Every structure is written in structure tokens, then in C-alpha cells.
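First up is the structure itself, then whatever we jot down about it.
Small disclaimer: the values here were computed from a predicted structure and weren't measured.
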Amino acid sequence: MEAQGAPREGERDHTQARSAADLEAVFDVPVQISAVLGHSRMHVSELLRLAPGTVLKLDRKVGEAIDIYVNDRLVARGEVVLVEDKLGVTMTEIIKSDR
């Protein structure tokens, strides 16, 4: 007996393909992506004294997940990776939103 509401065999693939095709209209919409390593608070006087080589203490520990935002909305967590000579981010957790 098939569970009520469960997709039939082959139906899931069709639904996923249709969903991807439905999204095609927004593929070219630009979004802003930010990978936040951490935060720090300081007075303006401290900010003005910053110089090259200054180390800022952040509110995260080494190896702790970073936050990934899309248009200022937290969507995932990840880790910093090195790809050739550039920094990148690997998503390790998707954050589900109530909205």
C-alpha cells in the first residue's frame, strides 16, 4: 500500500526537473553573497589607529564555522578553504528559514 501524499516512482524526478525549469526566469537576478568570518567591536579612536599588519580579535575561534549570507539573510554555514592561491568557502550546513 502506498503512503498517501508520497510521490510515485518517477514523479519525483519530473517534479525536480520542473522546479529547475520554473527557476530559470530568476537565474540572471544578481544577489549579494557575504561570508562572515566574525565580528569585532571597537571605538572610533581604535579604528583610526589601525595600520597594516594590525591583528583584530574576532568573536569566533579557529576552525569554527563561518556564516554565509545572501542579500543580508543567513542561509548557510561553512568553512574557509584554499583553492590554488585564492580563498573560498565550502558550505557545510544549510540554514532553513521560517519564512
Side-chain angles (χ1 to χ4, degrees):
M1 176 176 229
E2 189 173 305
Q4 188 175 17
R8 290 184 294 259
E9 190 175 327
E11 188 174 287
R12 179 177 299 218
D13 292 338
H14 175 68
T15 302
Q16 288 174 342
R18 192 183 76 215
S19 296
D22 292 344
L23 288 174
E24 195 169 333
V26 296
F27 283 173
D28 291 331
V29 174
V31 293
Q32 178 179 336
I33 300 174
S34 303
V36 178
L37 297 172
H39 298 92
S40 183
R41 292 179 75 79
M42 64 180 61
H43 294 98
V44 173
S45 59
E46 295 172 288
L47 179 66
L48 293 172
R49 286 195 301 265
L50 293 179
T54 301
V55 176
L56 292 177
K57 184 176 179 182
L58 301 176
D59 60 350
R60 301 275 174 98
K61 293 182 168 94
V62 172
E64 192 172 339
I66 64 168
D67 295 331
I68 302 168
Y69 290 85
V70 174
N71 290 344
D72 297 322
R73 176 189 241 175
L74 179 63
V75 296
R77 292 211 167 79
E79 10 181 90
V80 177
V81 294
L82 187 61
V83 180
E84 294 177 15
D85 63 339
K86 298 185 190 277
L87 290 177
V89 175
T90 299
M91 284 194 273
T92 57
E93 175 188 1
I94 302 295
I95 307 296
K96 299 227 178 197
S97 174
D98 291 338
R99 309 189 315 173

Indicate, with yes or no, if [Y] and [X] share a hydrophobic cluster defined by side-chain heavy-atom contacts under 4.5 Å among Ile, Leu, Val, Met, Phe, Trp and Tyr.
{"X": "Leu47", "Y": "Leu56", "result": "yes"}
{"X": "Tyr69", "Y": "Leu58", "result": "no"}
{"X": "Val36", "Y": "Ile95", "result": "yes"}
{"X": "Ile66", "Y": "Met91", "result": "yes"}

Can you sort out the partners of [X] under side-chain contact (heavy atoms from CB on, under 4.5 Å), two or more places apart, ordered by chain and number?
{"X": "Leu82", "value": "Leu87"}
{"X": "Val26", "value": "Leu23, Val29"}
{"X": "Val31", "value": "Ile33, Val70, Asn71"}
{"X": "Glu24", "value": "Phe27"}

Distance (rounded to the nearest 0.5 Å) between Leu37 CG and Glu64 CD: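 Rounded to the nearest 0.5 Å, the CG-CD separation comes out at 11.0 Å.
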
Pairs flagged by salt bridge (charged side-chain N to carboxylate O under 4.0 Å, His left out) wherever residues 45-60 is involved - sequence neighbours left out: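 Those involving residues 45-60 are Arg60-Asp67.
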
Check: Gly78 main-chain N/O paired with Thr90 side-chain donor or acceptor under 3.5 Å: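 Checking the backbone N and O of Gly78 against the side chain of Thr90, no donor-acceptor pair under 3.5 Å is found.
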
Shared-cluster residues of Val81, by chain and number - hydrophobic side chains joined below 4.5 Å: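 Via sub-4.5 Å side-chain contacts, Val81 links to Val83.
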
